[in-house]
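In what follows, a structure is listed as structure tokens, so that the remarks can point back to it.
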Amino acid sequence: MSEPTQSRRVHQSSLIRVWLGGIVIGLFFLIAVFAPWIAPHDPLKQDLFSGLMAPFWLDNHDPAFLLGTDSLGRDVLSRLIYGTQVALIVAFIAASLAALLGTVLGLLAGYYGGWLDTVVSRLVEIWMAFPPVLLSIVLVAVIGTGLHSVVIAIVIIDWTRFCRVVRAETLVQREQEYISSAVSIGFERWTILWREILPNVLPLLVTLLTLEMGIAVIVEAILSFVGLSVSSDQATWGGLIQEGRQYVHSAWWVMSLPMICIIIAVLAFNALGDGLRAILDPVMRR
Amino acid sequence: MNAVLDVQNLYLGVSQNNRYSPILNGVNLEIQRSQIHGLVGESGAGKSMLAKAILGILPNSTTINKGYIHFKGSDLAGMSRYERRQLASRHIAMIPQDPMTSLNPVRRIGSQLGDVLRLHMKLNRILAQERVLELLNDVQIRDPKRVVHQYPFELSGGMRQRVLIAMAFSCKPELIIADEPTTALDVTVQHQILQLIKQLQSETGTSVLFISHDLGVIAKICDYVSILHSGNIVEMQSAINLFQNPLNKYTKNLLEITSHYYRFENAD
């Protein structure tokens with residue numbers, strides 16, 4: 001009798017995670033969409049006379065700049081708000097494309113096996129031998145900076161995550177009885193892959209996708225930090241950290257506030273992914 | 001005679017790590033129209049492999065080396081997957097051994113049954129869903145309207161086996177391979193499932209190859225029985241003759257052991 005109550009508790013805790021993660025990401029999303037209306041200042045407007053001002057809860061603050069200013073007198077809050085745009089665009093687009101590429105290759109390799117599997121598996125192994133951050137830096141350096149190159153870099157680096165997991169899961173599902181049953185019924189391979197195997201891989205995929213969105217936020221920040229992301233006149237979280245780094249002793253908030261944003265966003269994506277995995281899987285939903 | 005399926009001199013075996021081990025050594029088996037044909041043998045005799053060969057779902061390591069499986073004028077043994085889909089898949093269905101793992105765990109019952117109907121009976125989505133309700137009703141599932149929206153884990157083993165039986169009979173096949181369909185079920189449910197298979201078989205006139213290691217079950221339902229022993233059919237007889245007058249020594253032993261076993265059970 002204790003089992004149903006326990007599983008209900010598991011179910012409830014994952015519901016809470018989904019809600020928490022979803023609400024936080026939803027908020028970030030709203031902030032990104034309505035950035036021009038929310039941001040109190042132009043994120044690029046410099047005011048060299050009011051540089052490195054403290055946020056509102058410290059001395060030496062100016063009520064006009066809630067979270068202070070950076071060394072060039074730009075409003076940190078406005079820059080954080082505009083940085084959300086880049087972070088979310090990269091998170092959603094890059095993660096989705098990486099998921100698409102990795103899933104298609106993983107499904108095909110896992111299901112068809114043979115030379116296709118050999119090629120894909122070796123490719124993944126070679127890929128994973130490169131240090132991912134260095135690889136992305138080299139990539140962006142080669143294809144040039146800009147939002148699209150960041151997305152491309154993340155897709156090229158992170159498709160292997162999806163490919164490995166989806167391939168492994170497909171291998172497991174392929175050997176299940178219901179697959180041989182479907183083969184004997186006479187479904188085409190493509191139908192079996194699409195209607196029988198993919199739904200079984202989906203819960204895992206959704207989890208990975210949301211986790212990957214968190215990772216994409218971090219990678220984008222790293223690329224911004226080394227100055228290889230979007231052009232430097234656009235505010236990004238990583239760019240803020242990089243700029244704040246030089247003044248960390250005199251104005252810690254310029255560097256710390258974007259870090260906090262990144263941490264909150266990544267935590268929210270992870271919570272959402274974890275909760276969704278538990279809820280989406282009908283067998284676990286029991 | 002009027003055979004639905006005619007297996008002739010079938011040899012198959014597993015190759016693993018360059019070692020070949022034979023499983024079937026020249027099996028001959030004829031299944032007549034509208035009969036339930038029992039296939040009996042101990043574990044490892046090759047019953048399931050024979051079933052898989054007929055269904056075209058042999059594992060990759062297993063190959064057919066010699067022999068024919070004649071079905072509707074073509075040879076299933078030498079068929080590609082594509083030819084099989086065109087010629088045979090619709091007409092040979094199966095009732096699997098383990099109803100727990102033979103339904104897709106993450107898809108609803110209605111959609112799984114509907115897919116089969118849409119594939120073979122060319123029904124559209126709406127007609128297929130109506131037909132699914134009828135089929136579930138035919139296998140005596142109470143409240144089919146609720147069951148179509150349920151996932152396999154929400155049903156009991158007996159219910160799932162009923163769903164799979166509905167699936168097997170759904171496209172009016174000429175032959176159904178039932179591979180130990182009651183082994184995974186408890187005794188009371190076993191009896192109901194046997195009754196159901198027998199009833200549907202006599203209504204539709206489909207032939208059934210009924211695989212089991214349990215002579216008691218075979219005696220209840222089969223018209224004709226083949227005994228498979230270490231890769232060979234050692235005896236093929238009508239059920240009545242087999243139980244009264246077994247010809248082969250192995251069959252005699254098997255019957256003797258079974259009767260001992262039942263005596264022992266009844267002595268309790």
Side-chain angles (χ1 to χ4, degrees), chain A residues 3-4 7-8 10-11 103 107 109-118 166 169-208 276-286, chain B residues 48 51-60 76 79 81-108 111-120 149-154 160 163-164 167-168 170-171 173 175-177 179 184:
Chain A
E3 205 188 331
S7 66
R8 193 170 305 138
V10 169
H11 185 63
T103 305
L107 275 177
Y111 187 58
Y112 286 95
W115 63 267
L116 187 66
D117 187 28
T118 315
V166 169
E169 185 62 20
T170 307
L171 281 176
V172 173
Q173 296 297 333
R174 192 180 69 171
E175 301 304 323
Q176 301 294 308
E177 299 269 320
Y178 68 85
I179 296 298
S180 35
S181 169
V183 172
S184 84
I185 286 167
F187 287 115
E188 286 184 45
R189 283 172 193 271
W190 188 245
T191 318
I192 290 175
L193 203 52
W194 184 250
R195 299 274 290 173
E196 307 284 340
I197 292 181
L198 185 62
N200 279 285
V201 179
L202 216 52
L204 204 63
L205 198 57
V206 170
T207 315
L208 267 184
L276 278 180
R277 178 183 54 84
I279 286 173
L280 280 183
D281 191 337
V283 182
M284 289 178 67
R285 193 161 52 187
R286 169 156 45 168
Chain B
S48 288
K52 286 188 169 137
I54 297 169
L55 287 161
I57 49 174
L58 281 174
N60 282 336
L76 298 180
M79 246 180 208
R81 206 164 152 163
Y82 174 77
E83 289 172 312
R84 207 190 152 80
R85 275 207 303 273
Q86 303 299 312
L87 300 171
S89 290
R90 193 198 139 170
H91 306 289
I92 305 179
M94 79 157 158
I95 303 172
Q97 184 164 5
D98 188 357
M100 301 296 168
T101 55
S102 297
L103 286 164
N104 193 329
V106 299
R107 295 185 53 208
R108 293 172 204 277
S111 134
Q112 295 193 49
L113 275 169
D115 268 8
V116 181
L117 291 167
R118 285 164 64 193
L119 176 73
H120 286 316
H149 295 298
Q150 283 180 316
Y151 289 99
F153 71 81
E154 296 175 277
R160 280 188 237 189
V163 169
L164 286 158
M167 193 183 275
S170 64
C171 301
L175 174 66
I176 290 177
I177 314 277
D179 187 3

Q: Measure the shortest side-chain to side-chain distance between B/Asn104 and A/Arg195 over non-hydrogen atoms and say whether it is less than 4.5 angstrom.
A: no
(Q) Measuring only between side-chain heavy atoms, which start at C-beta, is A/Asn200 closer than 4.5 Å to B/Pro105? (A) yes
Q. What part of A/Glu188 gets closer than 4.5 Å to chain B, counting heavy atoms only: side chain, backbone, both or neither?
A. both
Q: Quick one: closest heavy-atom pair of A/Ser181 and B/Met94, and the distance?
A: CA-CE, 3.4 Å
Q: Report the distance from atom OG of A/Ser184 to atom CG of B/Leu55, rounding to the nearest 0.5 Å.
A: 5.0 Å
Q. What closest approach, in Å, do A/Gly186 and B/Arg85 show between heavy atoms, and which atom pair accounts for it?
A. O-CD, 2.9 Å
Q. Passes side-chain contact (heavy atoms from CB on, under 4.5 Å), B/Arg107 versus A/Glu196? Steps please.
A. CA-CA 8 Å; B/Arg107 295 185 53 208; A/Glu196 307 284 340; 3.0 Å; yes
Q: Below 4.5 Å from any heavy atom of chain A, which atoms of B/Met167 appear? Answer side chain, backbone, both or neither.
A: side chain
Q) What part of B/Ile177 gets closer than 4.5 Å to chain A, counting heavy atoms only: side chain, backbone, both or neither? A) neither
(Q) Please classify the contact of B/Leu119 with chain A as side chain, backbone, both or neither, using a heavy-atom distance under 4.5 Å. (A) side chain
Q | Residue selection (most heavy-atom pairs with chain A, distance under 4.5 Å) from B/Val116, B/Asp115, B/Leu164 | A | B/Asp115
Q: In sequence, state the C-alpha distance, the side-chain angles, and the governing distance for A/Ile185 and B/His120, and then conclude on side-chain contact (heavy atoms from CB on, under 4.5 Å).
A: CA-CA 9 Å; A/Ile185 286 167; B/His120 286 316; 3.9 Å; yes
